[in-house]
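A short worksheet on the structure shown next.
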There are 2 protein chains.
Amino acid sequence: MELSATGRVVLGMLAVGPKSGYDIKAIVDHSTRFFWAASYGQIYPELKRLETAGLIAADGREGGRRRTGYRLTAAGAEALRDWLGEPEQIHELRDEGLLKLFFAGVGERDWALEILRSKRDAHAEVARSFRTDIEPLAAGAERFGPLEVLHYGIAYNEFAADWCERAIERVERDEQDGAFGAGEV
Amino acid sequence: MELSATGRVVLGMLAVGPKSGYDIKAIVDHSTRFFWAASYGQIYPELKRLETAGLIAADGREGGRRRTGYRLTAAGAEALRDWLGEPEQIHELRDEGLLKLFFAGVGERDWALEILRSKRDAHAEVARSFRTDIEPLAAGAERFGPLEVLHYGIAYNEFAADWCERAIERVERDEQDGAFGAGEV
DNA sequence: CGATTCATGTAACTTGTTACATGATTAG
DNA sequence: CTAATCATGTAACAAGTTACATGAATCG
């Protein structure tokens, strides 16, 4: 069975331990959402689909609150293993800063500088918040994975901020305006 | 007027010079598609919308073939300037390798190594193809933008491949299996 | 003259977000 | 008691892909 985008994150989260849709959403929102988001509108229907397909089942837990928790079945564990074992990895990026930079040459040099500064600042701020807000919480991780991915997120944003900084320096150093563009707009 | 995602790339492409929907699609497919894609199903309806809104107009060019070319109007140039001047920059990443890595700890160490190797190889291959297939064509760029963005693409993919390589080394060096996870699946 | 490319367009489908409806439980 | 949080779910919408239909022009 081919897992949907949301099915992948749901199955993975349930592999760590039994959870409700609400739990999954909360965990996704402060972990994978930076590279793999999921909304209630996807999670709840997907839980039903996975249950129908026999990959997950209700966990028996009863508590004070109404709650529909799920756990992985043996078939679900197998589906997760299959997916993790496939070498294919979707990689999609939608980066408006790069799109703006692509067109920056239709204007003046200042446009490029402003675009690069905005991109630099945005990446620097994400890296900073990962370091100060999330890393302390994730530091004592029990399981391989989350902390490594967080470190990737920090490194990626610092790489991007650095690249922008160096690009700004190049543009500022570059004296001849002729190299910039035709100023079509 | 708020530009749609496709409106942004269409307006930018027309700022460089008059183009048809077919032209735009062809250019997007070998340039911005890595960070800002667009399909015919979006481009043609968007051209109509932008024309109705007065941001673009038919270019007068007639040729042998049937062709509906467009150019920017003054209002379109203003809309493009407004958009380029806004500091906001959408940044969305969907990275299945990171998602797999996030869950790698539910299995054995070998899973993590395979995931990291796949991600490393994919990024290395993109960087290689940018360097050998695209950079030679883009080298003599007249306008600021495309070449800088290409260099970002190369640097980003090399960063990611490097990070994976170093993560692989860390995992291989790390002897104590206990640090790996509970092996839930 | 037949294959390819140029060229436009749409319909069906899939995916995903947002906002809302609903109501129970718990903390202060 | 009341505000916040827990919790599930759906409807409406927005965005985007794929595949197809259509046909003209060009290349070999």
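The sequence lines fix the lettering, A, B, ..., with proteins before strands; numbering per chain opens at 1. Quick caveat: nothing in here was measured; it's all calculated off a predicted structure.
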Give the nucleotide from the list D:dC6, D:dG16, C:dC6 with an atom nearest to the side chain of A:Y22. D:dC6
Report the nucleotide, chosen from D:dT17, C:dA7, D:dG16, that has the shortest atom-to-atom distance to any side-chain atom of B:A37. D:dT17
Just how far, in rounded Å, is [atom2] of [N] from [atom1] of [X]?
| X | N | atom1 | atom2 | result |
| --- | --- | --- | --- | --- |
| A:D23 | D:dT5 | CG | C1' | 13 Å |
| A:K25 | C:dA19 | NZ | C1' | 13 Å |
| B:R67 | C:dT8 | CZ | P | 7 Å |
| A:W36 | C:dT17 | CH2 | C1' | 17 Å |
| B:I43 | D:dA19 | CD1 | P | 17 Å |
| B:I24 | C:dC6 | CD1 | P | 16 Å |
| A:D29 | C:dG16 | CG | P | 15 Å |
| B:K19 | C:dC6 | NZ | C1' | 17 Å |

Non-neighbouring partners of B:R131 that pass salt bridge (Lys or Arg N to Asp or Glu O under 4.0 Å), sequence neighbours left out: B:E158
Which residue pairs satisfy the ring-ring contact (aromatic ring centres under 6.0 Å, His included) criterion with at least one member in residues 74-106 of chain A, sequence neighbours excluded? A:H91-B:H123, A:H91-B:Y156
Show every side-chain hydrogen bond (donor to acceptor under 3.5 Å, both in side chains) that has at least one partner inside residues 26-35 of chain B, sequence neighbours left out. B:K25-B:D29
Qualifying residues under side chain to side chain contact (heavy atoms under 4.5 Å, CB included), relative to [X], sequence neighbours excluded:
| X | result |
| --- | --- |
| B:A37 | none |
| B:Y44 | B:Y22, B:Y40, B:L47 |
| A:A75 | A:L55, A:T73 |
| B:E169 | B:E165, B:R166, B:R173 |

Hey, does the side chain of A:R94 come within less than 4.0 Å of D:dA15's phosphate (OP1/OP2), counting only N and O? no
Can you see if the side chain of A:S20 gets near the phosphate of D:dT8 - specifically, an N or O under 4.0 Å from OP1 or OP2? yes
Compute the ring centroids of A:F34 and A:F130, then answer whether they are less than 6.0 Å apart. yes
Please classify the nucleic acid contact of B:S4 as base, sugar-phosphate, or nothing, using heavy-atom distances under 4.0 Å. nothing
In the 5'-to-3' direction, what one-character label does each nucleotide of nucleotides 9-14 of chain C receive under the scheme B = base within less than 4.0 Å of a protein heavy atom, S = sugar-phosphate only, - = no such atom? BB----
Give a yes-or-no answer on whether the side chains of A:R8 and A:S4 include a donor-acceptor pair shorter than 3.5 Å. no
To the nearest 10 degrees, how far apart in direction are the end axes of the helix from C:dC1-D:dG28 to C:dG28-D:dC1, each fit to five base pairs? 30°
